[in-house]
J.: 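There's a structure below that I have some questions on.
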There are 2 protein chains.
Amino acid sequence: MMPQTVPRPAAGAARCKRCILHARCLPLGLEQDALQSFDAILQLPRPLKRGETLVRQGDPFTSLYVVRSGSLKQSLAQDGQRGQVLNFYLAGEIVGLDGIGEQRYHSSVVALEATFVCKLPFTRLEDLAERVPGLRGQLYRCMSRELRNDQRMLCLLSGRTAEQRLASFLIGLSERFRSRGYSLYRFHLSMSRSDIASYLGLVLETVSRTLARFQEQGILSVSGRELAIHDHEALSMLAWENSSAGAT
Amino acid sequence: MMPQTVPRPAAGAARCKRCILHARCLPLGLEQDALQSFDAILQLPRPLKRGETLVRQGDPFTSLYVVRSGSLKQSLAQDGQRGQVLNFYLAGEIVGLDGIGEQRYHSSVVALEATFVCKLPFTRLEDLAERVPGLRGQLYRCMSRELRNDQRMLCLLSGRTAEQRLASFLIGLSERFRSRGYSLYRFHLSMSRSDIASYLGLVLETVSRTLARFQEQGILSVSGRELAIHDHEALSMLAWENSSAGAT
DNA sequence: CCAGCCTCTTGATGCATGTCAAGAAAGATT
DNA sequence: AATCTTTCTTGACATGCATCAAGAGGCTGG
C-alpha cells in the first residue's frame with residue numbers, strides 16, 4: 001500500500017518549510033528568506049483524481065509542478081501511434097521541464113492515483129531565480145537529472161532483455177521508495193501492466209509473464225499491484241547482468 | 001562528402017559575430033554587447049583528431065563545448081557492458097549539458113572525424129547568464145531540446161522495427177544537414193555501422209542488412225559511408241509508419 | 001448481489017532480429 | 001606495392017518476444 005502519511009495540504013500558503021519533502025524538493029538548500037519568496041510563488045497543492053490530466057501535450061507552457069503525494073505518468077503521443085510512456089513521477093519530482101524550451105508542454109502527464117501537486121508559475125520562478133543563484137542551480141540540476149534519467153532509459157531499451165528491463169525497473173522503483181522513507185521490499189504499483197510495458201518497450205503480456213517467472217524463481221511475489229521483493233540481490237543481479245549489443 | 005567550407009578559426013578571439021553558425025548557436029538572439037561578452041569568455045576553437053576524446057565520463061565538469069565543425073558521438077559506459085551510443089553531435093550543437101547537475105560529465109564524447117569545438121567555461125557562462133536573461137533562456141532551451149531529443153529516441157527504441165529506426169535516423173540526419181545548408185540527399189556518415197547500431201539499439205549486421213534492403217528497393221544507395229537518398233518520401237513513410245506496442 | 005467492464009494471466013504460434021561464422025573491402029602501416 | 005587491421009557484407013541458424021486468442025479475476029454501478 002502507498003502510505004497515506006502524506007500531508008493534507010495546510011490552508012493558506014504552501015509552507016515548504018514544513019513540507020516533508022523539504023529535503024528532496026526544488027527549494028533544497030535555499031536560505032530562509034529565499035525559501036519564503038519561493039513559498040510565496042508556489043500555489044496551493046491541487047488534488048488530482050486518478051486518471052486526471054495535469055498537463056496536456058501541446059498546451060502552452062505556464063508552470064512547473066512538484067508532486068507532493070501520489071504518482072503520475074508522462075506519455076508522448078505521436079502521429080497515429082498509441083502513446084509511449086516516458087516516465088513515472090513520484091513525490092518530490094518535477095513535472096513539466098520539457099516544456100521550457102518551446103513554451104509548450106511536449107508530453108502529457110496524468111495522475112495514476114489520487115495525487116497532490118504544487119504549481120510553480122514559471123515566469124515568477126524565473127524572476128526569483130534571477131535573484132537567487134541557488135535556485136538557478138537547482139533548476140539546472142533538475143533538468144540535468146532528467147537528462148541522465150532518459151539516458152539510463154536509452155541504455156535499458158537498447159539491447160537488453162525483458163527480464164533485465166523489468167528487474168531494473170523494479171530495483172529503480174524500490175530505491176526511489178526507499179529514499180522517500182518507504183519500504184524497499186513491499187510497495188504498491190500505481191501503474192498498470194500496460195503502462196509498465198510501454199515504459200519498458202514491451203507488450204503487457206511479456207510483463208505479466210516475466211513477473212510470473214520471477215515469482216516462480218522465488219525472487220518476488222506479486223498479487224495484482226502489490227509487490228513484495230524477497231531476493232533484492234538476485235533482482236539486482238538480473239538487472240545488471242551482461243547481455244550484448246552495443247558499440248565502442 | 002562532409003564539406004570543408006568550415007572556418008579555419010581566426011587568430012585572436014573567437015568572433016561569434018562572424019561565425020557561420022551564428023544563426024543556430026548558443027548566443028542566438030543576444031544583443032551586440034552581450035554577444036561581445038559572450039565572445040570574451042568563449043575560448044579559441046580547439047582541433048580534435050578523429051577518435052580523440054573531448055570529455056570523459058566521470059571527469060569533473062568544467063565547460064560546455066559548441067561544435068564548430070565536424071561531428072562527435074556521445075556514449076555511456078555502464079558496468080562491464082560495452083558503451084551505448086546516446087547521441088551524435090553536429091556543428092552548432094552543445095556538448096556537456098548532462099554534466100551540469102552533478103558537476104561531472106555523465107558520458108564520454110569522442111570526435112568522429114577532424115573536428116573543431118569552442119570551449120565555454122561554465123562558471124563564466126553562468127556569471128554572464130546572471131546578467132543576460134536572453135542567454136539564460138537559451139541555456140534552458142538547449143537543455144530542454146536535449147530532453148525532447150532523448151524522448152524521441154525513447155519512442156524510437158520502444159517497439160519499432162529495425163527498418164523504422166534506421167529510416168528515422170537517416171531522415172533525422174538528412175534534416176539536420178539541410179538545416180545547416182548541406183544537401184538533403186547526399187551526405188557522408190561520419191559514424192561507423194556499429195555506432196549507428198548501438199545508437200538505434202540494434203546490432204551492426206542488422207544495420208548493414210537493412211541498408212542493403214533499402215538499396216534493393218531503390219530508396220537510397222550506400223557505398224561505404226557515402227549515402228544518397230533517392231526517395232526521401234518513401235523513407236519518411238517508412239520512418240513514421242504505424243507499428244505496435246504502447247499504452248494509454 | 002449480479003452484470004458488465006477493465007485488467008491481468010496463460011497458452012500456442014510465428015517472425016524479426018540476435019548470434020555465429022566466414023570472407024570481402026577499405027584504410028593504415030611499413 | 002605488400003601486409004595487416006579494421007570495418008563492412010552476407011549467409012545460416014536460433015530464440016526471445018510479439019501476436020492472437022481465450023478466459024479468469026477484480027472493480028464499479030445498478
Side-chain angles (χ1 to χ4, degrees), chain A residues 49-51 73 81-82 84-85 112-114 156-167 188-216 220-227 238 241-248, chain B residues 1 49-51 73 81-82 84-85 110 112-114 156-167 188-216 220-227 238 241-248:
Chain A
K49 276 178 277 194
R50 180 179 171 198
K73 70 172 172 188
Q81 308 164 53
R82 308 199 62 191
Q84 161 75 31
V85 174
L112 290 168
E113 59 190 317
L156 197 65
L157 292 188
S158 190
R160 320 225 53 183
T161 66
E163 281 198 357
Q164 292 170 329
R165 296 183 201 195
L166 198 62
H188 177 81
L189 300 167
S190 57
M191 63 294 285
S192 69
R193 301 289 190 268
S194 151
D195 288 335
I196 298 173
S198 171
Y199 180 62
L200 297 176
L202 303 167
V203 294
L204 69 93
E205 291 94 326
T206 304
V207 171
S208 187
R209 269 189 262 265
T210 307
L211 279 174
R213 203 169 331 135
F214 285 164
Q215 184 153 7
E216 278 167 32
L220 50 74
S221 15
V222 263
S223 159
R225 297 188 173 185
E226 299 305 321
L227 188 95
L238 276 174
E241 216 154 61
N242 253 16
S243 56
S244 48
T248 312
Chain B
M1 270 289 185
K49 276 180 278 195
R50 178 177 175 207
K73 71 173 171 186
Q81 306 164 54
R82 308 200 62 190
Q84 162 74 32
V85 174
V110 175
L112 290 169
E113 59 190 316
L156 196 65
L157 292 188
S158 191
R160 318 227 54 180
T161 67
E163 281 199 358
Q164 293 170 329
R165 296 183 200 195
L166 199 61
H188 177 83
L189 301 167
S190 57
M191 62 296 282
S192 69
R193 301 287 191 270
S194 151
D195 288 334
I196 298 173
S198 172
Y199 181 61
L200 297 176
L202 302 168
V203 294
L204 67 93
E205 292 94 325
T206 305
V207 171
S208 188
R209 269 188 261 266
T210 308
L211 279 174
R213 204 172 329 137
F214 285 165
Q215 184 154 8
E216 279 167 32
L220 50 76
S221 15
V222 265
S223 156
R225 295 187 176 185
E226 298 306 319
L227 189 95
L238 276 174
E241 216 154 58
N242 253 17
S243 57
S244 48
T248 315

J.: In whole angstrom, give the distance that lies between atom NE2 of His188(B) and atom C1' of dA26(C).
T.: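 After rounding, the gap between these two atoms is 13 Å.
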J.: For the CZ atom on Arg50(B), are there more than 12 heavy atoms of other groups (residues, nucleotides or ligands in this structure) within a distance under 6.0 Å?
T.: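 Incorrect, the count does not exceed 12.
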J.: To the nearest angstrom, how far is Leu200(B) atom CG from dG18(C) atom P?
T.: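 It works out to 11 Å between those atoms.
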J.: Round to the nearest Å and state the distance from Arg213(A) atom CZ to dG11(C) atom P.
T.: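 Atom CZ in Arg213(A) sits about 12 Å away from atom P in dG11(C).
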J.: Can you list the residues that meet the side-chain contact (heavy atoms from CB on, under 4.5 Å) rule with Ser208(A), with sequence neighbours excluded?
T.: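 Ser208(A) satisfies side-chain contact (heavy atoms from CB on, under 4.5 Å) with no other residue.
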J.: Could you tell me the separation between the CD atom of Gln164(B) and the C1' atom of dA18(D), rounded to a whole number of Å?
T.: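 Rounded to the whole Å, the gap is 14 Å.
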J.: Without decimals, in angstroms, what is the distance between Leu166(B) CG and dA16(C) P?
T.: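 Nearest whole value for this atom pair: 16 Å.
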J.: If I take atom CD in residue Glu226(A) and atom C1' in nucleotide dC8(C), what distance separates them, rounded to the nearest angstrom?
T.: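 Nearest whole value for this atom pair: 15 Å.
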J.: Can you tell me how far OG of Ser192(A) sits from CZ of Arg225(A), rounded to the nearest 0.5 angstrom?
T.: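 Nearest 0.5 Å value for the CZ-OG distance: 5.5 Å.
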J.: Nearest whole angstrom, please: distance from the C1' of dC15(C) to the CD of Glu163(B).
T.: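 After rounding, the gap between these two atoms is 14 Å.
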J.: Determine, step by step, whether Gln84(A) and Ser158(B) satisfy the side-chain hydrogen bond (donor to acceptor under 3.5 Å, both in side chains) criterion, reporting the C-alpha distance in whole Å, the side-chain angles of both residues, the deciding distance to 0.1 Å, and the verdict.
T.: CA-CA 8 Å; Gln84(A) 161 75 31; Ser158(B) 191; 2.9 Å; yes
J.: How far does the helix from dC1(C)-dG30(D) to dT30(C)-dA1(D) bend, going by the axes of its first and last five pairs, to the nearest 10°?
T.: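 Here the local axes at opposite ends form an angle of 50°.
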J.: Return the CG to CG distance between Leu166(B) and Leu211(B), rounded to the nearest 0.5 Å.
T.: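 The CG atom of Leu211(B) is 5.0 Å from CG of Leu166(B), to the nearest 0.5 Å.
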J.: Can you check side-chain contact (heavy atoms from CB on, under 4.5 Å) on Arg165(B) and Tyr199(B), steps first, answer last?
T.: CA-CA 10 Å; Arg165(B) 296 183 200 195; Tyr199(B) 181 61; over 6 Å; no
J.: Quick one: NE2 on His188(A) to CG on Leu112(A), what's the gap to the nearest 0.5 Å?
T.: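 With rounding to 0.5 Å, NE2 (His188(A)) is 9.5 Å from CG (Leu112(A)).
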J.: As an exercise, state the distance from CE of Met191(A) to CD of Glu113(A), rounded to the nearest 0.5 Å.
T.: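 So the CE of Met191(A) and the CD of Glu113(A) are separated by 8.5 Å.
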J.: Grab the CG-P distance between Leu189(A) and dT7(C) for me, whole Å please.
T.: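 Taking atom P of dT7(C) as the reference, CG of Leu189(A) is at 15 Å.
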J.: What string of B, S and - do you get for nucleotides 6-16 of chain D 5' to 3' if you count protein non-hydrogen atoms under 4.0 Å?
T.: -SSBBBB----
J.: Less than 3.5 Å apart, any donor N or O on the side chain of Asp195(B) or Ser198(B) sitting next to an acceptor on the other?
T.: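 Side-chain D/A pair, Asp195(B) to Ser198(B): absent.
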